[in-house]
Trainee: 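Quick one: this structure, given as structure tokens, is what I'll be asking you about.
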Amino acid sequence: MPYTPSEIEAKWQAAWDKAGTFKAVRDTSKPKYYVLEMFPYPSGRIHIGHVRNYTMGDVIARYKLSTGHNVLHPMGFDAFGMPAENAAMASGGHPKDWTYNNIDDMVAQMKPLGLGIDWSRMFATCDPEYYGQQQALFIDMLDAGLIDRKNATVNWDPVDMTVLANEQVIDGKGWRSGAEVERKDLTQWFFKISDYADELLEALDGLDDWPAKVKLMQENWIGKSRGLQFAFSLVEGVGSHDRIEVYTTRPDTLLGASFVGISPDHPLARALEQDNPELAAFNAECRKGGTTEEALEKAEKKGFDTGLRVRHPFDTSWELPVYVANFILMDYGTGAIFGVPAHDQRDLDFARKYDLPVISTYAPATDDGTAMPEDGGAAYVPPKTETVIYVRGFAGETEQTGAAAIDAAIDFCEANGVGQGVTKYRLRDWGLSRQRYWGAPIPVVHCDDCGVVPEKKENLPVELPYDVSFDIPGNPLDRHPTWRNTPCPACGKGALRETDTMDTFVDSSWYFARFTSPHADTPTDPEDAAYWMNVDQYIGGIEHAILHLLYSRFFARAMHKTGHLPASAIEPFDALFTQGMVTHAIYKTTGTDGRPVYHYPEAVELRDGGGFLKDGTQVDIVPSAKMSKSKNNVVDPVAIIEQYGADTARWFVLSDSPPERDVEWTASGAEAAYKHLARVHRIASDIAAGDVAANDADEALLRDMHKAIVDVTNGVESFGFNAAIAKLYGFTATLAKSKAGSSAKREAMKTLAQLMSPMTPHLAEDIWAMLGGEGLIANAPWPKADDAMLVEDTVTLPIQINGKRRSEIAVPKDMPKDEVEKLALADEAVIKALDGGAPKKLIVVPGRIVNVVI
RNA sequence: GCCCGCGUGGUGGAAUGGUAGACACUGGAGACUUAAAAUCUCUUGGCCGUAUGGCCGUGCCGGUUCGAGUCCGGCCGCGGGCACCA
């Protein structure tokens, strides 16, 4: 019987459907397990990276099913966002049609993968049913004081008269108009996530099954700092401004200050520009370009001397100049700083540019001869934990760590009435307003008499109108003739709807909760949420380490506060796994115009260690590049499934590379995966037809089987899928070569099929049926290893001489240390190396290694 | 610029501080075959050597340790994120 994936896979998918194998139903008699992969954006085509992501989740889901869990494994679509509008602009369709067509296409591409998903729970965030409940959440959060309205800076395209996303700003210019982008303030809605800064930080400690790197990134993002806030008094006031409030995390360097810097958006800077055209021009220049931190940080550091001077708080005769500087953010601290060139490279560059003094406040504890900053050296910026010598200290010891000096400086300043120690966070409130059509409308109404009023819940969802056009830039809701008009929910008079829609991060911040009851007429159903939450295992890309995961953590808290999630669900993801990308080589040649020309893998023949086109031209090979349409190196999973079947695609994306790392897709690798599965199928057929009596090879085979159970189980539980697959290769080879009797072989083969079933479920079902397994393998209990079959009596100990392996001895597993020593010293290689002398040291690590030091 | 990762043969990678290169791909040799495909067997880090074997080797430089791919410090390269891409 040949291995024909197309038949096998369709057959078993139908069998699972019929049996409702993956339909999740609340059942308190079993432990629940909720496994979730980050849901996809409906681009229209599934990507091999999706295959990898969902296969990993499916392995966990199927494994948990076979260990007696009640499994929830849902799928949905993160369906709002800019690409749908861009497509509408480019080809004239409608975002809604484009999106739903794409979803249909993607579901059709995903189904053949045989994922154990409860498809009955599927939804898209652009379903009015979903975003209507999101609007209800918004209203509840507004009532609960979790939402605020204030100014935010956006990228403004002065030609298209529209707000641009950061990715639409290229080199400071609008992507369509090419106009220089300006920063502009708009009134926007904000989630008050900064109120939760400390809690979100503290709670990271409890997330034991999250990668440490993700927690560290979130910690740095929240950016808790302790510092000193105080004011410099202006020598001469300007209008109502007589002082400049500054915040510093390094108050110990106060005596090294050489200038005060304020943001171009600082109230004082705005006041001064009224009658200083030069400064107004400078500020306007600073407001050009995108809003990203990256753009601000990379811009050339520029300053403008306002001519104002402030007094140093510790010496009123010491006056410092006040500069407006483009690198100071109004969003962080007070929008004003004092510059200490000796201990900050940016300040040092600034001081040298504008010829300001450089004054060290501390120096290295041991002079290593490096030039001081005042003598042309680099800024001296040691870690706060390092002990340094304070040459211009004013609090605490002369020799102390930066951290100690900072604490002493804050105490000193507080005692002397110079300022207060304050704790600040880098985390800013989450601006959720978007000036775009394809998003969830923000359910508020602007009334001349009542002001801003939330829509009544019975009027939800506030649905997007379908009759819109995308022929001109900007938000079509703004120019819709009737949609905006609505009675005020408070007074009933004619009023206007808000036309801003919600950030798509809002959609993805609670979809995991909605999956627990996707059609409830409230955002969640209390019993379903209580039963299914939390997500036991969440799987997704590392690119979501900060924003999506932090917003979701905030949202879970907000949903708890508004009664939509139990207290136990404020950390919604018990365990997180971040998987790597699937990459593929790029094949390129250089065109006549000198630009690279990219070639499809099908067009390239690999031989003699190089790649060649049909005409013999050699191509440059860039290995392991991120798949990208423009580079022609995207692998289409549909073609792979048609050629080899879903099991091959699943097996390949799990093998070869650890899940957290990128995996390189190679045609030869896929071919090899297929060959292996065909081989397993062939071995199973042979075994099913075999009739060999039990014999002495049986025990060895069964011992190996039990070892394989342990290794594969450990691999699956620890996301070591590639290691588990390596063991499966090994056990397959053992089984193929074994001379054991048919009964033992059938047992071993059925176990192999079970161990493979999470990865290659269709093949596993087929083998299971072939060998007379009961029911579906998907429902069969996971095999258990027999400890008695795992005991090994002897171990091989490597013998090192001076840390290099020179020999080995076989010893009983539990041989005492002193006997191992004797045996080691009697080893030929050791005797030779000792040459009659005695070893300096003899290290014996039982069961591990012997090291003879000579 | 700032934050976080990663770097091991021709290739993907394995390795609780304890035999570096498991497993797989590619390449090479062979078996089977009229032939090819398929399948099976052996081999495949570099250098020296007929061989027993020896030396080198985990991006680079240094350190800790009996012992470092693994821990520490410093560099280099690549990737992710930087709040309106999702």
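Protein chains get the first letters and strands the later ones, always in sequence-line order, with residue 1 at the start of each. Keep in mind that what you see is a predicted model, and the values were worked out from it rather than measured.
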Trainee: Indicate whether any N or O donor in one side chain lies under 3.5 Å from an N or O acceptor in the other, for A:D827 and A:S807.
Mentor: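 Looking only at side-chain atoms, A:S807 and A:D827 do form a donor-acceptor pair, the distance falling under 3.5 Å.
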Trainee: Distance check, C1' atoms only: B:G1 and B:A15, in whole angstrom units.
Mentor: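 It works out to 38 Å between them.
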Trainee: Please tell me which of the listed nucleotides, B:A86, B:A14, B:G81, lies nearest to the side chain of A:I546?
Mentor: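 Side chain of A:I546 sits closest to B:G81.
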Trainee: Would you call the rings of A:H50 and A:Y54 parallel, tilted or perpendicular, taking 30° and 60° as the class edges?
Mentor: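 Answer is parallel, since the angle falls under 30°.
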Trainee: Among all residues two or more places apart in sequence or in another chain, which pass the salt bridge (charged side-chain N to carboxylate O under 4.0 Å, His left out) test with A:K224?
Mentor: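 Scan of A:K224 (salt bridge (charged side-chain N to carboxylate O under 4.0 Å, His left out), adjacent residues dropped) gives A:D198.
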Trainee: Can you pull every protein N or O that's under 3.5 Å from an N or O on nucleotides 69-75 of chain B?
Mentor:
none

Trainee: On RNA chain B, nearest-nucleotide positions of A:P40 versus A:A726: which is more 5'?
Mentor: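 The residue whose closest nucleotide sits nearer the 5' end is A:A726.
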Trainee: Using atom C1' of each nucleotide, how far apart are B:G53 and B:G69 to the nearest Å?
Mentor: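 Each nucleotide's C1' atom is 26 Å from the other's.
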Trainee: Could you check which of B:C85, B:A83, B:G1 has an atom nearest any side-chain atom of A:K298?
Mentor: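 Of the candidates, B:G1 comes closest.
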Trainee: Which one, B:G80, B:G1, B:A83, comes nearest to the side chain of A:E297?
Mentor: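 Nucleotide nearest to A:E297's side chain: B:G1.
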Trainee: Checking all strands, does A:H548 fall into the base, sugar-phosphate, or nothing category for heavy-atom contacts under 4.0 angstrom?
Mentor: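 Answer is nothing: A:H548 stays at 4.0 Å or more from every strand.
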Trainee: Please list every donor-acceptor pair under 3.5 Å in which a side-chain atom of residues 160-167 of chain A meets a protein atom from a residue at least two apart or in another chain.
Mentor:
unit_1: A:N166; atom_1: OD1; unit_2: A:N155; atom_2: ND2; d: 2.9
unit_1: A:N166; atom_1: OD1; unit_2: A:T291; atom_2: OG1; d: 3.2

Trainee: Need one value for A:Q435: base, sugar-phosphate or nothing, where a base atom within 4.0 Å counts as base even if backbone is also close, heavy atoms only.
Mentor: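 Answer is base: heavy atoms of A:Q435 come under 4.0 Å of a base.
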Trainee: Phosphate oxygens OP1/OP2 of B:A86: is one of them under 4.0 Å from a side-chain N or O of A:T504?
Mentor: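 Affirmative; the distance criterion is met.
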Trainee: When all nucleic acid strands are considered with a 4.0 Å heavy-atom cut-off, which category describes A:F505: base, sugar-phosphate, or nothing?
Mentor: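 It contacts base atoms.
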Trainee: Taking the six-membered ring for Trp, are A:F719 and A:F577 parallel (under 30°), tilted (30 to 60°) or perpendicular (over 60°)?
Mentor: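 Parallel.
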Trainee: Mind checking salt bridge (charged side-chain N to carboxylate O under 4.0 Å, His left out) for A:E808 and listing every partner two or more places apart, or none if nothing turns up?
Mentor: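 Once residues adjacent in sequence are excluded, the partners of A:E808 under the salt bridge (charged side-chain N to carboxylate O under 4.0 Å, His left out) criterion are A:R805.
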Trainee: Under the salt bridge (Lys or Arg N to Asp or Glu O under 4.0 Å) definition, can you give me all pairs with a residue in residues 666-679 of chain A, not counting sequence neighbours?
Mentor: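 Every pair satisfying salt bridge (Lys or Arg N to Asp or Glu O under 4.0 Å) with a residue in residues 666-679 of chain A: there are none.
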Trainee: Kindly write out the residues that satisfy side-chain contact (heavy atoms from CB on, under 4.5 Å) with A:R428, not counting sequence neighbours, or none if the list is empty.
Mentor: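 Expected list: A:D331.
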Trainee: Counting only Watson-Crick pairs (N1-N3 plus N6-O4 or O6-N4) and G-U wobbles (N1-O2, O6-N3), all under 3.5 Å, who is the partner of B:G79?
Mentor: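 WC or wobble partner is B:C4.
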Trainee: A:V853 versus A:N802: any side-chain heavy-atom pair under 4.5 Å?
Mentor: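 Yes. Closest side-chain heavy atoms under 4.5 Å.
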Trainee: Would you give a per-nucleotide map of nucleotides 15-20 of chain B, 5' to 3', where B means the base has a protein non-hydrogen atom under 4.0 Å away, S means only the sugar-phosphate does, and - means neither?
Mentor: -B-BB-
Trainee: State the pairing partner of B:U70; accept Watson-Crick or G-U wobble contacts with both distances under 3.5 Å, and report none otherwise.
Mentor: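 None - no nucleotide pairs with B:U70, as no candidate has both distances under 3.5 Å.
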Trainee: Once you measure the plane-to-plane angle for A:F327 and A:F350, does it fall in the parallel (<30°), tilted (30-60°) or perpendicular (>60°) bin?
Mentor: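 Correct class here is perpendicular.
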Trainee: I'd like to know whether the aromatic ring centres of A:Y511 and A:Y130 sit less than 6.0 Å apart in this structure.
Mentor: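 Not close enough - the centres of the two rings lie 6.0 Å or further apart.
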Trainee: Distances under 3.5 Å between protein N/O atoms and the N/O atoms of nucleotides 36-46 of chain B, please, pair by pair.
Mentor:
unit_1: B:U39; atom_1: O3'; unit_2: A:R682; atom_2: NH2; d: 3.4
unit_1: B:C40; atom_1: OP1; unit_2: A:R679; atom_2: NE; d: 2.9

Trainee: Regarding B:C82, can its base be found pairing with the side chain of A:E293 as donor and acceptor, where the two atoms are less than 3.5 Å apart?
Mentor: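 Side chain to base: no pair below 3.5 Å.
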Trainee: Looking for any heavy atom pair under 4.0 Å, which part of the strands does A:G730 touch: base, sugar-phosphate only, or nothing?
Mentor: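 Nothing, no heavy atom under 4.0 Å.
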Trainee: Determine: side-chain N/O of A:N722 to OP1/OP2 of B:C23, distance under 4.0 Å, yes or no.
Mentor: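 Checking B:C23 against A:N722, no side-chain N or O comes under 4.0 Å of OP1 or OP2.
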Trainee: With both distances kept under 3.5 Å, what pairs with B:C47, Watson-Crick or G-U wobble?
Mentor: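 Check on B:C47: paired to B:G54, both distances under 3.5 Å.
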Trainee: If the C1' atom of B:G13 is compared with that of B:C66, how far apart are they to the nearest Å?
Mentor: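 One C1' to the other, the span is 30 Å.
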Trainee: Can you pull the side chain to side chain donor-acceptor pair (under 3.5 Å) pairs that have at least one residue in residues 720-738 of chain A, sequence neighbours excluded?
Mentor: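 Qualifying pairs, neighbours excluded: A:W651-A:Y729.
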Trainee: If anything within 90° of 0 is syn and all else is anti, what is B:G9?
Mentor: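 Syn conformation here, the glycosidic angle of B:G9 being no more than 90° from 0.
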Trainee: What distance, rounded to whole Å, do you find between the two C1' atoms, one in B:C85 and one in B:G59?
Mentor: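 That atom pair is separated by 33 Å.
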Trainee: Students often get this wrong, so: under 4.0 angstrom with heavy atoms, is A:S433 touching a base, only sugar-phosphate, or nothing?
Mentor: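 If one applies the 4.0 Å heavy-atom cut-off, A:S433 turns out to touch a base.
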Trainee: Answer with base, sugar-phosphate or nothing: what part of the nucleic acid does A:R806 contact at a heavy-atom distance below 4.0 Å?
Mentor: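 Sugar-phosphate, no base atom in range.
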Trainee: How is A:V163 classified with respect to the nucleic acid when contacts are heavy atoms under 4.0 Å: base, sugar-phosphate, or nothing?
Mentor: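 The residue A:V163 makes base contact.
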Trainee: Looking at every strand, decide which applies to A:A545 at a 4.0 Å heavy-atom threshold: base, sugar-phosphate, or nothing.
Mentor: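 Answer is nothing: A:A545 stays at 4.0 Å or more from every strand.
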Trainee: Let's see if you can work this out: which of B:C85, B:C82, B:A14 has an atom nearest to the side-chain heavy atoms of A:M82?
Mentor: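 Nearest to the side chain of A:M82 among the choices is B:C85.
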Trainee: Centres of the A:Y131 and A:F80 rings: under 6.0 Å?
Mentor: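 Centroid separation for A:Y131 and A:F80: below 6.0 Å.
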Trainee: Students often mix this up, so state it plainly: with edges at 30° and 60°, are the rings of A:F191 and A:W430 parallel, tilted or perpendicular?
Mentor: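 Taking A:W430 first and then A:F191, their aromatic rings sit tilted (interplane angle of 30° to 60°).
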Trainee: How far, in whole Å, is B:U70 from B:A37 if one measures between their P atoms?
Mentor: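 Approximately 45 Å lies between the P atom of B:A37 and that of B:U70.
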Trainee: Under 4.0 Å from any atom of RNA chain B, heavy atoms only: list the residues of residues 211-223 of chain A that qualify, in numerical order.
Mentor: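 Here the set is A:K213, A:L216, A:M217, A:N220, A:W221.
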Trainee: Which residues satisfy the side-chain contact (heavy atoms from CB on, under 4.5 Å) test with A:K739, sequence neighbours excluded?
Mentor: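 If we apply the side-chain contact (heavy atoms from CB on, under 4.5 Å) test to A:K739, skipping adjacent residues, the hits are A:A697.
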Trainee: Counting the atoms with a prime plus P, OP1 and OP2 as sugar-phosphate, which does A:L427 contact under 4.0 Å by heavy atoms, base, sugar-phosphate, or nothing?
Mentor: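 Touches a base.
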Trainee: By side-chain contact (heavy atoms from CB on, under 4.5 Å), which residues pair with A:L207, not counting sequence neighbours?
Mentor: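 A:L207 satisfies side-chain contact (heavy atoms from CB on, under 4.5 Å) with A:L204, A:W210, A:K215, A:R553, A:E571 only.
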